[in-house]
Amino acid sequence: MFQYDFMQHAFIAGTLIAIMCGVIGVFIIARSLSFIAHTISHIGFAGAAFAAFAGIDPLIGLLAFTILGSLGVGQMGVRMFRRDASISVILSLALGLGILFLSLGNVQGNYSRTLLFGSVVGIDLQDIWQIVAITLLVLLALATGYRWLKFDSFDQVGAQAAGLPIRLISICFLLLMAVAVSVTVQIVGALLVFALMTVPAAAARFYTQSIFGMILLSSLIAMLSVWFGLVAGYYTNAPVSFFIVAFDAASYFLGMAFRTVMERRSAVRVE
């Protein structure tokens, strides 16, 4: 398997993106931004479709549209955007624009499927360097603002009382999330990107209450899911993204069962 360059590239890219998603996903879950991540991924689909129509690098279109979309969410206010109507309108508009650009650009069906479901085995060396640069940028930004972000994500009332720039933190995090979404689309596609960015973190919460522990475990689950997806996809010729999401979902349900068992044991001890 590793004798092929495309598999080597896939494992390197997948591992880097999994680490990034595992870290940022903890804060996405803590800030209840799962549906916004889902919405931004659809905006990214429209951006990639526009890039295909305009004949430019898909990553440029992804970054441009997701960043503008994140700024729009930040200006509207996260609480207002969480309303069902707002999410539905933006999702519908993004999908409609994506379909329009694909149609105008006479894009082949293979490219459309790649945008929607990802194609990790199609990553080349140039893509690797782009992923390395973006992953390091996102992780460095998260490390720099870790204290403020952790405070605001897990104790919003306390952060507001302490005088932290809540709106600035929110907008900066949305921008980081947009960048992370843009590069993750290449692995699992626009339809499933939010799964890799949220499910490992949601599963990690069942196993530990430590924030740093959640980050480590979330990254580990994301990495294992990507590795499992690549290996299973290679030997079965089935979509890699399916196996990635299936592994993440299994981790979540196992975590749920683990938490239930531990709570029952604690209840028995108290009695």
Side-chain angles (χ1 to χ4, degrees), residues 16-48 59 61-84 86-95 98 115-118 131 134-135 137-139 141-142 145 149-150 152-154 156 169-205 214-215 218-219 221-222 225-226 241 244-245 248-249 251-252:
L16 290 171
I17 288 176
I19 293 172
M20 177 183 64
C21 288
V23 175
I24 200 170
V26 171
F27 298 102
I28 291 175
I29 293 297
R31 301 173 74 86
S32 301
L33 298 180
S34 298
F35 279 104
I36 293 181
H38 182 42
T39 303
I40 291 176
S41 70
H42 282 68
I43 295 173
F45 165 69
L59 184 60
L62 280 162
L63 287 171
F65 273 61
T66 55
I67 288 174
L68 288 174
S70 297
L71 289 174
V73 173
Q75 291 301 318
M76 289 173 61
V78 172
R79 291 184 178 179
M80 176 181 288
F81 188 81
R82 283 184 187 145
R83 296 175 181 173
D84 292 340
S86 298
I87 293 176
S88 299
V89 170
I90 300 298
L91 278 172
S92 302
L93 178 60
L95 285 173
L115 289 182
L116 291 172
F117 306 109
I131 291 170
I134 291 175
T135 300
L137 173 66
V138 172
L139 293 178
L142 288 172
L149 182 60
K150 180 177 70 171
D152 183 48
S153 299
F154 291 90
Q156 295 181 358
I169 293 172
S170 179
I171 292 176
C172 288
F173 182 74
L174 287 171
L175 290 175
L176 286 178
M177 191 166 66
V179 174
V181 165
S182 298
V183 71
T184 307
V185 164
Q186 300 177 72
I187 299 295
V188 292
L191 290 182
L192 299 175
V193 62
F194 73 102
L196 188 59
M197 298 187 72
T198 57
V199 179
R205 291 195 306 174
M214 287 183 205
I215 291 174
S218 174
S219 299
I221 293 172
S225 70
V226 170
S241 55
I244 292 175
V245 174
D248 288 335
S251 300
Y252 178 84

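For reference, positions follow the sequence shown, starting with 1.
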Where is the tightest heavy-atom contact between [X] and [Y], given as atom of each residue plus distance?
| X | Y | value |
| --- | --- | --- |
| I131 | V183 | CG1-CG2, 3.4 Å |
| S218 | V26 | CB-CG2, 3.9 Å |
| S225 | I244 | O-CG1, 3.5 Å |
| H42 | A94 | O-CB, 3.6 Å |
| S41 | V193 | CB-CG1, 2.7 Å |
| F45 | G98 | CE2-CA, 3.6 Å |

About how many Å separate [atom2] of [Y] and [atom1] of [X], when rounded to the nearest 0.5 Å?
| X | Y | atom1 | atom2 | answer |
| --- | --- | --- | --- | --- |
| S182 | I67 | OG | CD1 | 6.5 Å |
| C21 | I28 | SG | CD1 | 7.5 Å |
| I169 | K150 | CD1 | NZ | 13.0 Å |
| T184 | M177 | OG1 | CE | 11.5 Å |

Is the shortest heavy-atom distance from the side chain of [X] to the side chain of [Y] under 4.5 Å?
| X | Y | result |
| --- | --- | --- |
| I24 | L142 | yes |
| V23 | V138 | no |
| L71 | L175 | yes |
| I17 | L196 | yes |

S34 side chain to T198 side chain, donor-acceptor N/O pair below 3.5 angstrom: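 Result is no, nothing qualifies.
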Under a 3.5 Å distance rule, please check whether S70 uses its side chain to pair with a backbone N or O of L174 as donor and acceptor.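 Pair found, side chain donor or acceptor close to backbone of L174.
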Salt bridge (Lys or Arg N to Asp or Glu O under 4.0 Å) involving D152 - partner list, sequence neighbours excluded: R31
Between L33, L176, I215, which is the residue that forms a side chain to side chain contact (heavy atoms under 4.5 Å, CB included) with F27?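 Single pass found, and it is I215.
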Taking only residues two or more places apart in sequence, or in another chain, which ones meet F173 in a ring pair (Phe, Tyr, Trp, His ring centres under 6.0 Å)? none
